There are 2 protein chains.
Amino acid sequence: MKTTESTFTIKQIADQTGVSTDTIRYYEKISLLPRADRKDNRHRIYRQKDIDMIWLITCLKKTGMSLEEMRPFLAVPTDSDPAQYPELVAKLKNHRENIVSQLASLQQIIDFIDMKLEEGRYRRNDLDNL
Amino acid sequence: MKTTESTFTIKQIADQTGVSTDTIRYYEKISLLPRADRKDNRHRIYRQKDIDMIWLITCLKKTGMSLEEMRPFLAVPTDSDPAQYPELVAKLKNHRENIVSQLASLQQIIDFIDMKLEEGRYRRNDLDNL
DNA sequence: TCTTGACATGGAGTTGACTCCAAGTTATAC
DNA sequence: GTATAACTTGGAGTCAACTCCATGTCAAGA
């Protein structure tokens, strides 16, 4: 009872994800993305899971992860049992810690911004309170 | 009743902040940091506020902000009234929004990691739940 | 059939952010 | 007084991550 999954062109997923077609092809070239399926005319075709993967890349990028560092994360089959990949589990845990401490830093910056924005009466050593 | 503030060498603040001396000089060269005061022997001297500023740079960098983008943030005198800088207030508000949405994305990744780590029984379409 | 447009490929060029280097200065240790 | 170490400067080199370009293919419309 499998419904036919809708497919997209490279331009369409570029528009959807905000990542340029050149960049998507670049990600494929460096094997960050798997080689996309092709139509008879050699044009790439994409499915929802490809969009998810590009979204994950942009999201990890925002956390300061380099393309090289995120390779192992992208290599996990999305329907797999993580217990099968102990090294990856360690990496995930480690990056989780990085993100958590980053969250704390971000929160501090937001606090600083809020203080700057909302309280003109604090005139001294705002940065000290970071 | 002003106590003499302690000063540091470039090497010392490099060690304290985890930013290399070359990078600190580079930040000064591109005027991201103000020109540091010099001793008689032309060596740079730093104070606590300089360390705070470098800390702020690394923190903003982690939020995905480029060096160029953070210039206006660094230009605020730390003892100033933000109401005097309406453009900066707008930029701060805008970046605050960016960070908040980034926090949400990070939280989603953490949820994804936790799911991967803690629940081997979810075998299908984990990414769909992002 | 000819043109147009969206795609393909390989490779060169660009940009931001360092990172390294050579040559010079100054203070301290021997 | 000379060697060593810690700094100075200007500028060149490196690297990741694109971004652009020339050239070519293919399908559809006039």
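Naming convention: chains lettered A, B, ... in sequence-line order (proteins, then strands); numbering from 1 in each chain. Note that this is a predicted model, so its numbers are computed, not measured.
Looking at heavy atoms from C-beta onward, A:T7 lies out of side-chain contact with A:Y46 at the 4.5 angstrom threshold. Between B:L32 and B:M70 the shortest side-chain heavy-atom distance falls below 4.5 Å. Inter-residue side-chain proximity for A:R35 and A:R44 is flagged as unmet; no heavy-atom pair is nearer than 4.5 Å.
Separation of atoms CZ (A:R71) and OG (A:S31) is listed at 6.0 Å; rounding is to 0.5 Å. With rounding to the nearest 0.5 Å, the separation of OH in A:Y27 from OG in A:S20 is 8.5 Å.
Side-chain N or O atoms of A:T17 include one that pairs as donor or acceptor with a backbone N or O of A:I13 at under 3.5 Å. Looking at A:D15, its side chain never comes within 3.5 Å of a backbone N or O of A:Q12 through a donor-acceptor pair. Remark: the backbone N or O of B:A36 is paired with a side-chain donor or acceptor of B:R38 at under 3.5 angstrom.
Taking the nucleotide of DNA chain C with the nearest heavy atom to each of A:E28 and B:Y27, the more 5' of the two is matched to A:E28.
Heavy atoms of A:T21 sit nowhere under 4.0 angstrom from any nucleic acid atom. Nucleic acid contact for B:K39: none, since no nucleic acid atom lies under 4.0 Å from a heavy atom of the residue. B:I10 comes within 4.0 angstrom of the backbone, heavy atoms only, and of no base. Using a 4.0 Å heavy-atom distance criterion, B:K11 is classed as a sugar-phosphate-only contact. At the heavy-atom level, B:R25 lies under 4.0 Å from base atoms of the strands shown.
Proximity of residues 31-38 of chain B to DNA chain C (heavy atom under 4.0 angstrom from any strand atom) is not detected for any residue.
Listed pair B:T9 / D:dC7 meets the phosphate criterion, a side-chain N or O lying under 4.0 Å from OP1 or OP2.
Counting 5' to 3', DNA chain C first comes under 4.0 angstrom of a heavy atom of chain A and last does so at the ends given by C:dC7 to C:dG11.
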Base, backbone or nothing for each nucleotide of nucleotides 22-30 of chain D, written B, S, -, heavy atoms under 4.0 angstrom, 5' to 3'? ---SS----
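Under the 4.0 Å criterion applied to side-chain N and carboxylate O atoms, A:E68 and A:K61 are not assigned as salt-bridge partners.
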